[in-house]
Amino acid sequence: MDTFSLCLITRNRPHLLKLALNSVLNQTISNFPIIVSDNSTNNETKEMVESLYLNQSNIIYRKREREYGLIEHWNKVLSEVRSEYFMIFHDDDVMHPDMIRTMLNIIKKDHSLAFIATNARIIKKGRICYSKYKGKEKIMRLKEAKELFQMYAVGNWIPPFPSYIYSKSIADNMRFAEDKGGKYCDVAFLLDAFDLGNLAIITKPYMDYYYHDGQVSQFNDYFQRIKLINYVRQKMRISPHDRPLVNFKLMNLYCWINNLVRNSDDLISKKRFVNCLKIFLKHRKYMYVFKLLGCIILREKMKCGKL
């Protein structure tokens, strides 16, 4: 059994995959298999890998026999894990050279850990728009799912999904589930992983996480987030008035309002408008109030042909 393997999931983005794959090959350790899981609808990725990486003996290319949905693809990858530790990396992100070595050195020495993650620089339009790391590198250790959810729910930094390395026990015992949050079920997956062990988070960024228009995560789905909220309440047995949960609900409403601004075809009833207004005022989210009012004014002007 290999100590570590990396699966690089990709779909119709050979130009981005090349950058991600080169960053994996540029790691300070290299004795591990790299599985390229190609879920593309064409052969462009296959042709690129075969032409540029034919001599890389540790690269294993797998063209999926049919088109998988996002969650189905993740679960397919999990079912194929045969190493002691594994990673699911994305084709549109880039590793720093010492990422894998640093993470493995920590998780292999601490058997209480089921998974480990690192900080990341957030790159948008070619610029670093977010990097919370300051000062000396630290390792945070979380023992409960609620600790990670609190960070996530109040809008604080959490490691992006492709920055995690997992123990094989997670692949053996867990799967992604659509009913736990739809496209946000990766959050539920991370929370469930605490059932198998603790999480370590390295505060120093060891990768670049790219924001771009092609990402599924860039488009908020109000109702799929509601699924995640309901699952979190059930799993953690927390009150609907729990502060992190309330903040998460408010954030979901706020993202929904942003979607209204982007898509003038979406409708908002007077009843829902009033309810949202009451909720934001109750929780003193005045910025959200202004956003909601601005959205309605903008839409009315568009209807009247003034914009």
Side-chain angles (χ1 to χ4, degrees), residues 3-4 6 23 27-29 84-90 93-123 128-171 173-174 176 180-181 184-211 217 228-229 231-233 235-238 242-248 251:
T3 300
F4 173 75
L6 181 142
S23 76
Q27 291 298 293
T28 52
I29 61 171
E84 188 177 357
Y85 301 99
F86 70 98
M87 187 175 204
I88 302 174
F89 202 64
H90 293 174
D93 298 314
V94 172
M95 294 184 172
H96 300 179
D98 211 23
M99 181 180 188
I100 294 175
R101 186 189 68 83
T102 301
M103 297 173 74
L104 284 178
N105 281 346
I106 295 170
I107 195 171
K108 286 164 67 177
K109 293 177 182 177
D110 187 344
H111 297 295
S112 71
L113 298 176
F115 53 149
I116 184 170
T118 76
N119 198 343
R121 299 189 305 179
I122 307 300
I123 311 296
I128 300 173
C129 65
Y130 180 80
S131 181
K132 195 173 183 179
Y133 171 70
K134 292 181 181 179
K136 188 177 180 180
E137 177 178 333
K138 298 179 181 179
I139 301 174
M140 302 168 55
R141 282 180 164 80
L142 308 184
K143 295 182 179 181
E144 296 181 356
K146 192 170 184 179
E147 295 177 273
L148 184 64
F149 177 71
Q150 286 174 337
M151 295 168 62
Y152 182 80
V154 299
N156 286 350
W157 166 84
I158 64 167
F161 185 67
S163 77
Y164 286 79
I165 286 179
Y166 309 91
S167 67
K168 189 175 185 295
S169 62
I170 287 180
N173 295 284
M174 292 178 53
F176 297 89
K180 294 182 180 180
Y184 305 110
C185 70
D186 56 339
V187 178
F189 182 85
L190 296 174
L191 299 178
D192 287 344
F194 282 93
D195 296 340
L196 299 172
N198 300 337
L199 166 65
I201 300 175
I202 304 172
T203 58
K204 180 179 177 180
Y206 278 94
M207 66 169 286
D208 292 340
Y209 182 82
Y210 285 82
Y211 277 175
S217 60
L228 175 60
I229 289 169
Y231 179 70
V232 168
R233 280 192 59 194
K235 178 179 178 60
M236 299 183 184
R237 298 178 182 177
I238 56 179
D242 178 82
R243 174 51 56 182
L245 190 65
V246 169
N247 282 335
F248 192 47
M251 181 272 295

- State, with a plain yes or no, whether a side-chain heavy atom of Leu245 is found less than 4.5 Å away from one of Met236. no
- Output yes when Lys146 and Asp242 qualify as a salt bridge under the 4.0 Å nitrogen-oxygen rule, no when they do not. yes
- Which atom names give the shortest non-hydrogen contact between Met207 and Pro162, and what distance separates them? CE-CG, 4.0 Å
- Task: For Phe86, check ring-ring contact (aromatic ring centres under 6.0 Å, His included) against everything at least two apart and list the hits.
- Result: Tyr166
- When rounded to the nearest 0.5 angstrom, what is the spacing between CD in Gln150 and CD1 in Ile238? 8.5 Å
- For Phe176, the ring-ring contact (aromatic ring centres under 6.0 Å, His included) test, sequence neighbours excluded, returns Trp74, Phe161, Phe189
- Message: Checking the side chain of Asn119 only, and the main-chain atoms of Ile202 only, is there a donor and an acceptor separated by less than 3.5 Å?
- Response: no
- Message: If you apply the rule side chain to side chain contact (heavy atoms under 4.5 Å, CB included), what do you find for Lys204 with Thr102, and how did you get there?
- Response: CA-CA 11 Å; Lys204 180 179 177 180; Thr102 301; over 6 Å; no
- Query: Any side-chain heavy-atom pair from Thr118 and His96 closer than 4.5 angstrom?
  - Reply: no
- Item | Heavy-atom side-chain proximity of Lys180 to Asp192 below 4.5 angstrom | yes
- Gap between atom CE of Met95 and atom OG of Ser163 - 0.5 Å precision: 9.5 Å
- Under a 4.5 Å cut-off applied to non-hydrogen side-chain atoms, are Leu228 and Phe248 in contact? yes
- Message: Using side-chain heavy atoms (C-beta onward) and a distance below 4.5 Å, is Met103 in contact with Ile116?
- Response: yes
- Message: Could you report the tightest heavy-atom contact between Ala120 and Tyr209, atom names first, then the distance?
- Response: CB-CB, 4.3 Å
- Message: Using side-chain heavy atoms (C-beta onward) and a distance below 4.5 Å, is Tyr164 in contact with Ile88?
- Response: no
- What is the distance from atom OH of Tyr184 to atom CD1 of Ile229, rounded to the nearest 0.5 Å? 10.5 Å
- Leu196 side, atom CG; Leu113 side, atom CG - distance, nearest 0.5 Å: 12.5 Å
- Is there side-chain contact between Asn198 and Glu147, with at least one heavy-atom pair below 4.5 Å? no
- Hey, what do you get for OH (Tyr210) to CG (Asp93), rounding to the nearest 0.5 Å? 8.5 Å
- What do the steps show when you test Met151 against Met140 for side chain to side chain contact (heavy atoms under 4.5 Å, CB included), and what is the final call? CA-CA 12 Å; Met151 295 168 62; Met140 302 168 55; 4.0 Å; yes
- Item | Side-chain heavy atoms of Ile165 within contact of Phe4, under 4.5 Å | yes
- Task: Evaluate side chain to side chain contact (heavy atoms under 4.5 Å, CB included) for Ile29 paired with Leu104, printing each intermediate quantity in order.
- Result: CA-CA 10 Å; Ile29 61 171; Leu104 284 178; 3.8 Å; yes
- Of the non-hydrogen atoms in Met99 and Gln27, which two are nearest, and what is the gap between them? N-OE1, 3.2 Å
- For Arg141 and Ile106 the tightest heavy-atom approach is NH2-CG2, 4.1 Å
- Item | CG on Leu142 to CG on Leu148, rounded to 0.5 Å | 6.0 Å
- Residue pair Tyr206, Glu137: steps toward the side chain to side chain contact (heavy atoms under 4.5 Å, CB included) verdict: CA-CA 11 Å; Tyr206 278 94; Glu137 177 178 333; 3.1 Å; yes
